Colleague: 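Got a structure for you, questions after.
Note that this is a predicted model, so its numbers are computed, not measured.
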Amino acid sequence: MTGPILKHSVMLLFLIPFCVQCRTTQTKRTGVEEEYKSLYIHQFKLTYLRKVLLAGFNQSKAIKAIINFDKSGFTEPLLTFDDVRLIDSLVAVGNAQMMSDSANSIGRVAEGAEGKHVFDLILKKFGHKWIDSIAELRYRGSGIQSMYNE
């Protein structure tokens with residue numbers, strides 16, 4: 001009776017490290033996946049923010065200087081050409097909305113409050129997690145997940 005028990009005990013001792021290694025590999029892969037996802041979403045949001053500022057302030061030299069001075073975010077490009085085109089479309093819609101709101105506010109708001117409200121638009125989009133949800137949808141369809149499976 002001790003023969004089969006000993007045999008199974010020895011087999012179990014050899015399998016435990018293998019199971020632990022599989023678990024560790026899975027944990028590492030999940031961690032890498034979350035890191036790529038976080039980087040992608042951050043880059044998506046940062047690109048959107050920069051483009052909204054440029055469009056909202058009519059490509060002003062001051063905003064360009066601030067954006068060029070800032071070193072936030074970009075290390076290696078993760079966004080696809082389609083992502084950038086989508087961001088450009090979202091920015092164009094937001095800018096058109098700001099221009100319309102600005103034109104419709106003449107005579108309706110306090111003096112000095114007329115014009116584009118760029119920061120209000122940005123706060124609304126980021127505050128309601130609107131841009132996060134779009135970035136997450138884009139991430140799922142981007143194919144970046146295959147980068148951490150290689």
Colleague: Using side-chain contact (heavy atoms from CB on, under 4.5 Å), reason through Asn95 and Leu121 one step at a time and then give a plain yes or no.
Modeller: CA-CA 9 Å; Asn95 195 40; Leu121 174 80; over 6 Å; no
Colleague: Please test Ile122 against Tyr48 for side-chain contact (heavy atoms from CB on, under 4.5 Å), starting from the C-alpha separation and ending with a verdict.
Modeller: CA-CA 9 Å; Ile122 292 169; Tyr48 175 80; 5.5 Å; no
Colleague: Report the distance from atom CG of Leu54 to atom CD1 of Ile63, rounding to the nearest 0.5 Å.
Modeller: 7.5 Å
Colleague: So, using side-chain hydrogen bond (donor to acceptor under 3.5 Å, both in side chains) as the criterion, who are the partners of Lys125 when residues are at least two apart?
Modeller: none
Colleague: Does a side-chain heavy-atom distance below 4.5 Å link Val52 with Phe126?
Modeller: no
Colleague: Can you tell me which residue pairs pass the salt bridge (Lys or Arg N to Asp or Glu O under 4.0 Å) test with a partner in residues 53-70, sequence neighbours excluded?
Modeller: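 Pairs touching residues 53-70 that pass the test: Arg50-Asp70.
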Colleague: Strictly by salt bridge (Lys or Arg N to Asp or Glu O under 4.0 Å), give each pair with a member in residues 85-97 just once, sequence neighbours left out.
Modeller: Lys51-Asp88, Asp82-Arg85
Colleague: List for me each residue that meets ring-ring contact (aromatic ring centres under 6.0 Å, His included) alongside Phe44, sequence neighbours excluded, and say none if there are none.
Modeller: none
Colleague: Residues two or more places apart in sequence or in another chain: which of them pass side-chain hydrogen bond (donor to acceptor under 3.5 Å, both in side chains) with Asn68?
Modeller: none
Colleague: Verify side-chain contact (heavy atoms from CB on, under 4.5 Å) between Glu136 and Tyr40, making sure each step is shown before the conclusion.
Modeller: CA-CA 9 Å; Glu136 187 151 345; Tyr40 178 91; over 6 Å; no
Colleague: Is there a path from Leu123 to Val118 through hydrophobic residues (I, L, V, M, F, W, Y) whose side chains come within less than 4.5 Å of each other?
Modeller: no
Colleague: Measuring from atom CG of Leu78 to atom NZ of Lys37, what distance do you get when rounded to the nearest 0.5 angstrom?
Modeller: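 One finds 14.5 Å between CG of Leu78 and NZ of Lys37.
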Colleague: Rounded at 0.5 Å granularity, tell me how far CG in Leu90 sits from CD1 in Ile134.
Modeller: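 Between atom CG of Leu90 and atom CD1 of Ile134 there are 5.0 Å.
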Colleague: Could you state the interatomic distance from CG (Leu86) to CG (Leu79), rounded to the nearest 0.5 Å?
Modeller: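 Reported value, rounded in 0.5 Å steps: 10.0 Å.
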Colleague: Quick check for you: to the nearest 0.5 Å, what is the distance between Ile67 atom CD1 and Leu53 atom CG?
Modeller: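 Nearest 0.5 Å value for the CD1-CG distance: 5.5 Å.
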Colleague: Is there a side-chain contact (heavy atoms from CB on, under 4.5 Å) between Leu137 and Arg140 once you walk through the steps?
Modeller: CA-CA 5 Å; Leu137 285 172; Arg140 288 186 207 147; 3.8 Å; yes
Colleague: Would you give the length of the straight line joining atom NZ of Lys45 to atom CD1 of Ile87, rounded to the nearest 0.5 angstrom?
Modeller: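 It comes to 12.0 Å.
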Colleague: Going by ring-ring contact (aromatic ring centres under 6.0 Å, His included), name the residues that satisfy it together with Phe57, two or more places apart in sequence or in a different chain.
Modeller: Phe119
Colleague: Got a sec, which residues hit salt bridge (Lys or Arg N to Asp or Glu O under 4.0 Å) with Asp120, two or more places apart in sequence or on another chain?
Modeller: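 With neighbours one apart ignored, the set is empty.
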